[in-house]
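Here's the structure, in structure tokens; my notes come after.
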There are 2 protein chains.
Amino acid sequence: MYICRVNLTYYCFKVKTVTKNVLKNSLKRIFLYRACLYRLKMMGVEKVFSYTLAEEAGVTPDQVRKDFSEFNIRGNKRGGYVLSDLLEKMEALFYRNKEHNIILMGMGNLGLALSKYSRFVQRNMNVVAAFDIDPYKQKARYDIPVYGMDRLKEIIHRFKVKVAIIAVPEISAQQVCDELVRNGIKGIINFAPVLLKVPEDVVINNINLCDELESVIYYVHNQIRNEGLKNIELLYGDMK
Amino acid sequence: MYICRVNLTYYCFKVKTVTKNVLKNSLKRIFLYRACLYRLKMMGVEKVFSYTLAEEAGVTPDQVRKDFSEFNIRGNKRGGYVLSDLLEKMEALFYRNKEHNIILMGMGNLGLALSKYSRFVQRNMNVVAAFDIDPYKQKARYDIPVYGMDRLKEIIHRFKVKVAIIAVPEISAQQVCDELVRNGIKGIINFAPVLLKVPEDVVINNINLCDELESVIYYVHNQIRNEGLKNIELLYGDMK
DNA sequence: TTTTAGATGTGAATATTATCACATAAATGG
DNA sequence: CCATTTATGTGATAATATTCACATCTAAAA
Ligand SMILES: NC(=O)c1ccc[n+]([C@@H]2O[C@H](COP(=O)([O-])OP(=O)(O)OC[C@H]3O[C@@H](n4cnc5c(N)ncnc54)[C@H](O)[C@@H]3O)[C@@H](O)[C@H]2O)c1
Ligand SMILES: NC(=O)c1ccc[n+]([C@@H]2O[C@H](COP(=O)([O-])OP(=O)(O)OC[C@H]3O[C@@H](n4cnc5c(N)ncnc54)[C@H](O)[C@@H]3O)[C@@H](O)[C@H]2O)c1
């Protein structure tokens, strides 16, 4: 599967020999659909229709079908979709079949919590190591090994790590980020409330808790409702 | 300031006696601009132009001006914008002048980290209390008081709490959420990887770490770049 | 086996969002 | 103090995303 940028908001990629233009929003919603499907699965549902899923996800049935169409996910012309089939197709889309090694930068309050988060493993994502400049933390015992920055290159290469989580103080974030990029990291989840500068081929996903909270407060204050939606906007999404 | 919903994607609200239609995406970008402005401020910048900010935020200068226009934020016809003025206007927009009391549900790994996060306070958001069913945690000493669920109503009313953070296990999340809604909570940041069901007047902001990680992996794998963007899509944004 | 009801899949139509382009205002310099 | 330069602010226009509408297919009923 080959992907190239066609223009600023469209991505062009191949699904089974056919080149299609996939809208970024469609991709985002696929994640939502997947979450809904897991929920429905837990409830014992085995078959869904576009309107079942739409209802659950807070979108229109047309949207669901259109999105599926974009990703070449197809159901039975009258019988809707078999839930397990759908999930399988989505997981394949997200490379769930493969294992992914991840590293964690910073073993402070947040890093510690993340290091104990078992769900990563359940989803084939292994946090193979954490890195911290504090020598005390390198000596202490945690669920995952904690190294000094001197071993960053070695670990990244040994485990073929492509994605890192940044949980270091704001002030160190850019420096740590640069170091990661220098060592071949291509994707970053950044918890530090700063906008990191990276080369164009590196993907950053910022999670800014204060901003998210503030936006909720804004919505609540102004009585903006999320009718029909399961979620309000997350910030920093779909810029440009 | 009064806000009402006009249709599914537009919101209608009053800015100084003039009713304007504000696009949701504009609002999202205002958060981004603010983050950029703080960054520039730290670098000693005092005056910005639409193209300065655009460059920093990874959008077009037109977009910046248009967004400002939507929110009635205006600069000097030739002299650009005074940074401190801009920030002031944005903070006013986000009710930063007022204090906001917040509660935290669940004092586990994540809850503990959040309870120590000092930045909330810096931004006028006070986590006044945490709640946990574990009696041990109610007795132990933390940075903030930890209560049992029996005191939820009392605390919410005493501190006029409108917004809560959910950091309880997935299995308990809906139940805790219902309890919050029953006691008048109108906005929720939810870390549990489930889609919560709430009445229409309650705003939910889900932060699903695994999904965010998976999306980064997806982007990295498919070599989708975030050219010109400071952030890739966050999930669950802008549905419907 | 044939009919019928009901859901999919997708171009066409509509709605929304972003960019363009330029009139407009304010600093600057002669 | 007027001309010139330069950046704002915003309608007009272009691009993108969503919804509509219906042809198409298939499961179930007759
Ligand atoms: N605590 C939270 O709940 C929370 C929530 C959201 C965001 N954040 C953000 O996450 C980041 C970490 O927060 P925290 O509360 O865990 O802070 P912390 O101070 O507890 O932990 C930071 C850790 O990073 C390490 N560190 C510092 N500089 C480093 C460097 N150059 N290289 C490697 N390691 C380094 C420190 O030794 C420390 O262990 C901050 O940017 C914060 O704003 C924290
Ligand atoms: N640990 C992480 O880094 C992390 C990251 C992202 C998301 N999450 C999510 O956040 C949630 C909490 O994660 P965690 O690692 O802190 O789990 P945890 O098990 O360490 O903590 C959960 C806490 O909630 C309390 N609790 C359970 N049921 C409750 C109820 N009905 N009412 C009040 N309190 C209750 C428990 O006593 C416990 O203290 C989970 O849904 C998890 O998926 C965790």
Side-chain angles (χ1 to χ4, degrees), chain A residues 5-12 15-16 18 20-30 32-33 46-55 57-83 85-86 89 228-229 233 237-240, chain B residues 5-12 15 18 20-30 32-33 47-55 57-83 85-86 89 228-229 233 237-240:
Chain A
R5 210 177 62 95
V6 170
N7 66 33
L8 285 166
T9 42
Y10 264 73
Y11 296 109
C12 162
V15 187
K16 293 178 186 174
V18 182
K20 290 196 66 176
N21 286 316
V22 173
L23 309 164
K24 294 204 292 178
N25 287 351
S26 283
L27 177 58
K28 286 203 291 181
R29 277 189 300 268
I30 295 288
L32 175 65
Y33 299 150
E46 286 177 6
K47 196 183 245 184
V48 295
F49 301 104
S50 58
Y51 56 82
T52 324
L53 188 50
E55 161 83 8
V59 299
T60 63
D62 311 281
Q63 184 82 80
V64 171
R65 294 203 304 279
K66 193 78 171 182
D67 288 337
F68 283 4
S69 176
E70 304 277 9
F71 284 93
N72 219 39
I73 295 173
R74 16 195 82 245
N76 312 317
K77 262 281 177 172
R78 185 184 157 163
Y81 307 83
V82 175
L83 202 151
D85 280 6
L86 270 186
K89 276 171 188 161
L229 288 89
E233 326 251 308
D238 206 8
M239 305 298 169
K240 176 74 191 48
Chain B
R5 209 178 63 96
V6 170
N7 67 32
L8 284 166
T9 43
Y10 264 74
Y11 296 109
C12 162
V15 187
V18 182
K20 290 196 67 175
N21 287 316
V22 174
L23 308 164
K24 294 202 295 178
N25 286 350
S26 284
L27 177 59
K28 284 202 294 180
R29 279 190 299 268
I30 295 286
L32 175 65
Y33 300 149
K47 195 183 246 181
V48 295
F49 301 103
S50 58
Y51 56 82
T52 324
L53 188 49
E55 161 83 9
V59 300
T60 63
D62 312 281
Q63 183 81 80
V64 171
R65 296 203 302 280
K66 193 79 171 182
D67 288 337
F68 283 3
S69 175
E70 305 276 9
F71 284 93
N72 220 40
I73 294 173
R74 14 194 82 247
N76 312 316
K77 261 286 179 169
R78 183 182 156 166
Y81 307 83
V82 175
L83 201 150
D85 281 6
L86 269 186
K89 277 173 188 159
L229 288 90
E233 327 253 305
D238 206 9
M239 304 299 170
K240 177 79 193 14

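Note that the coordinates shown come from a computational prediction; the quantities given were computed from them, not determined experimentally. In what follows, chains are A, B, ... by sequence order, proteins preceding strands, each numbered from 1.
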Spacing of [X] atom [atom1] relative to [N] atom [atom2], expressed in whole Å:
X: A/Arg29; N: D/dA17; atom1: CZ; atom2: P; result: 9 Å
X: B/Phe71; N: D/dT10; atom1: CZ; atom2: C1'; result: 16 Å
X: B/Glu55; N: D/dA7; atom1: CD; atom2: C1'; result: 17 Å
X: A/Tyr51; N: C/dT8; atom1: OH; atom2: C1'; result: 12 Å
X: A/Phe49; N: C/dA5; atom1: CZ; atom2: C1'; result: 13 Å
X: A/Phe68; N: C/dT10; atom1: CZ; atom2: C1'; result: 15 Å
X: A/Asp67; N: D/dT16; atom1: CG; atom2: P; result: 17 Å
X: A/Glu70; N: C/dG9; atom1: CD; atom2: P; result: 13 Å

What heavy-atom pair brings [X] and [Y] nearest, and what distance separates the two atoms?
X: A/Phe68; Y: A/Leu53; result: CZ-CD2, 3.6 Å
X: A/Ser26; Y: A/Glu70; result: OG-CG, 3.6 Å
X: B/Leu32; Y: B/Ala57; result: CD2-O, 3.5 Å
X: A/Leu86; Y: A/Tyr81; result: CD1-CB, 3.5 Å

- Message: Do B/Ile73 and B/Asp67 have side chains that approach each other closer than 4.5 Å (heavy atoms only, starting at C-beta)?
- Response: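 They are not in side-chain contact.
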- Got A/Tyr51 and A/Val64 here, is their nearest side-chain heavy-atom distance under 4.5 Å? no
- Query: Counting N and O atoms only, with roles assigned by atom type, does the side chain of A/Lys89 sit under 3.5 Å from a partner on the main chain of A/Arg74, one being a donor and the other an acceptor?
  - Reply: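 Side chain of A/Lys89 to backbone of A/Arg74, a donor-acceptor pair under 3.5 Å: yes, one is there.
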- Note on the structure: The nucleotide from C/dG9, D/dT8, D/dA7 with an atom nearest the side chain of B/Ser50 is D/dT8
- Message: Of the listed nucleotides (C/dT8, C/dT10, C/dA18), which one gets closest to any side-chain atom of B/Gln63?
- Response: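 Nearest listed nucleotide: C/dA18.
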- Message: What does the B/S/- profile of nucleotides 20-30 of chain D look like, 5' to 3', with a 4.0 Å heavy-atom cutoff to protein?
- Response: BB--BBBB---
- Message: If the cut-off is 4.0 Å, is B/Ser69 near the phosphate of D/dT10, judged by side-chain N/O to OP1 or OP2?
- Response: yes
